[in-house]
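The block underneath contains the structure these notes are about, expressed in structure tokens.
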Amino acid sequence: KSYYSKETKNEQLAIQLLEQAIPLANKQNDKWLLGEILFERSNHYSYSDSAELAKRIGMVQQAVSCFEKSGAVKQKARCLSMLGDLFVQKGDLDKALTVLQTSLKLCESIQDSGVQGVYVLIGQVYVMRGNYEEGLKYNLLALQSAENVGDTSIQLCQINNAIGVIFINLMKHDKAIPYLLAVLKVSEKYSEKPSIYLIAFNASACYVKVNKAALDKKLLDEITAKYAQPDGPQTNSQVAQLYTDIYTRLKQFDNGQVYC
């Protein structure tokens, strides 16, 4: 009932039902059920509010304990992955890395192939620490995992984008381009217009760095022809600046003059 209430946007009723279910599961001494209830209840606390984030972390930790006692390895791994994400939100990167590595080991112990989310979070921790090489390693593992299970969701877009951005930070713009183009392909599938332009701008900046003005122009021509520019002067200004740079590098100064 609580799940149904949540799906129908009646959050208060969902919370009420979950709160009522906690003592019942405790009374039955059903640790697996209690873990599921606690984990579901934790999802109703906010990421953005520090007090609610602390409550959410505490409740997920309780769920982890319940799943450990019931021998539910997959559920424990799932909770630890969530806990790692929450510690990242809190800014406690050491704790995040510890629980995420434990989650990964548990997934490996039961041969769970869908571990791309854990890899992404570990990669994120390393990037936040400024360790781009390790961040790259785990995001590449995330991409391999996603491809192995046939994941075509928006998460695939996020993974490719993370890899592209890491290569940009490592000043390896030529290696960033194919990943950014892969992001563009997935974004077009989901019709994410603001994202399409942002990714195209990032790819264009990489083409600038590797001196491939013709490919840069081809990409920008395709995007502006297929998709209306998002509202706002910033996008118009960026498109104009990119075309100006492209025509300058192509030595087609008359064409570039239009955008000045």
Side-chain angles (χ1 to χ4, degrees), residues 48 88 116 119-121 123-144 146-147 151-260:
S48 55
V88 169
Q116 58 267 32
Y119 283 136
V120 166
L121 288 167
Q124 183 182 351
V125 171
Y126 280 117
V127 168
M128 290 174 73
R129 284 177 161 183
N131 189 338
Y132 293 111
E133 294 291 351
E134 281 297 295
L136 177 61
K137 169 187 168 183
Y138 279 98
N139 275 287
L140 287 171
L141 286 169
L143 181 60
Q144 183 181 35
E147 290 174 343
D151 186 354
T152 58
S153 70
I154 199 69
Q155 186 176 50
L156 187 64
C157 187
Q158 295 165 345
I159 295 168
N160 276 298
N161 188 63
I163 295 170
V165 171
I166 291 171
F167 274 128
I168 290 172
N169 281 292
L170 291 172
M171 304 302 288
K172 296 179 180 179
H173 297 90
D174 55 330
K175 292 186 176 181
I177 290 170
Y179 293 99
L180 295 174
L181 294 180
V183 177
L184 198 57
K185 184 176 179 181
V186 177
S187 295
E188 288 186 88
K189 175 184 173 182
Y190 288 96
S191 300
E192 297 280 344
K193 288 183 182 179
S195 298
I196 288 168
Y197 269 86
L198 178 61
I199 297 155
F201 292 158
N202 288 339
S204 180
C206 290
Y207 278 128
V208 169
K209 294 292 185 180
V210 297
N211 197 28
K212 292 184 178 179
L215 289 175
D216 195 351
K217 181 178 181 300
K218 181 175 181 290
L219 171 64
L220 206 56
D221 284 347
E222 289 175 355
I223 295 302
T224 54
K226 288 170 68 176
Y227 304 101
Q229 294 180 31
D231 294 333
Q234 185 175 2
T235 302
N236 294 334
S237 175
Q238 284 182 283
V239 170
Q241 182 62 55
L242 287 169
Y243 270 119
T244 301
D245 291 344
I246 288 168
Y247 283 121
T248 299
R249 285 181 281 123
L250 291 172
K251 302 189 184 304
Q252 297 177 12
F253 303 111
D254 289 343
N255 291 332
Q257 190 67 33
V258 176
Y259 296 95
C260 294

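Scanning both residues, T224 and L220, for their nearest heavy atoms gives OG1-O, 2.8 Å. For the pair A142 and Y119, the tightest heavy-atom approach, listed with the atom from each and the gap, is CB-CB, 3.5 Å.
Interatomic distance, CD1 of I196 versus CD of E188, reported as 5.0 Å (0.5 Å rounding). In this structure, D221 CG and K226 NZ are separated by 12.5 Å, a value rounded to the nearest 0.5 Å. How far CD1 of I223 is from NZ of K218: 10.0 Å, rounded to the nearest 0.5 Å.
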Name each donor-acceptor pair under 3.5 Å that joins a side chain in residues 155-182 to protein atoms two or more places apart or in another chain, with its distance.
{"unit_1": "N160", "atom_1": "ND2", "unit_2": "L156", "atom_2": "O", "d": "3.1"}
{"unit_1": "N169", "atom_1": "ND2", "unit_2": "V165", "atom_2": "O", "d": "2.9"}

Please set out all donor-acceptor pairs under 3.5 angstrom arising from side-chain atoms of residues 128-141, sequence neighbours excluded.
{"unit_1": "R129", "atom_1": "NH2", "unit_2": "D94", "atom_2": "OD1", "d": "2.4"}
{"unit_1": "N131", "atom_1": "OD1", "unit_2": "E134", "atom_2": "N", "d": "3.2"}
{"unit_1": "N139", "atom_1": "ND2", "unit_2": "G135", "atom_2": "O", "d": "2.9"}

With a cut-off of 3.5 Å and sequence neighbours excluded, list every side-chain donor-acceptor pair involving residues 200-213.
{"unit_1": "S204", "atom_1": "OG", "unit_2": "D216", "atom_2": "OD1", "d": "2.6"}
{"unit_1": "S204", "atom_1": "OG", "unit_2": "D216", "atom_2": "OD2", "d": "3.1"}

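Counting only heavy atoms from C-beta outward, the side chains of Y227 and Y197 approach each other to under 4.5 Å.
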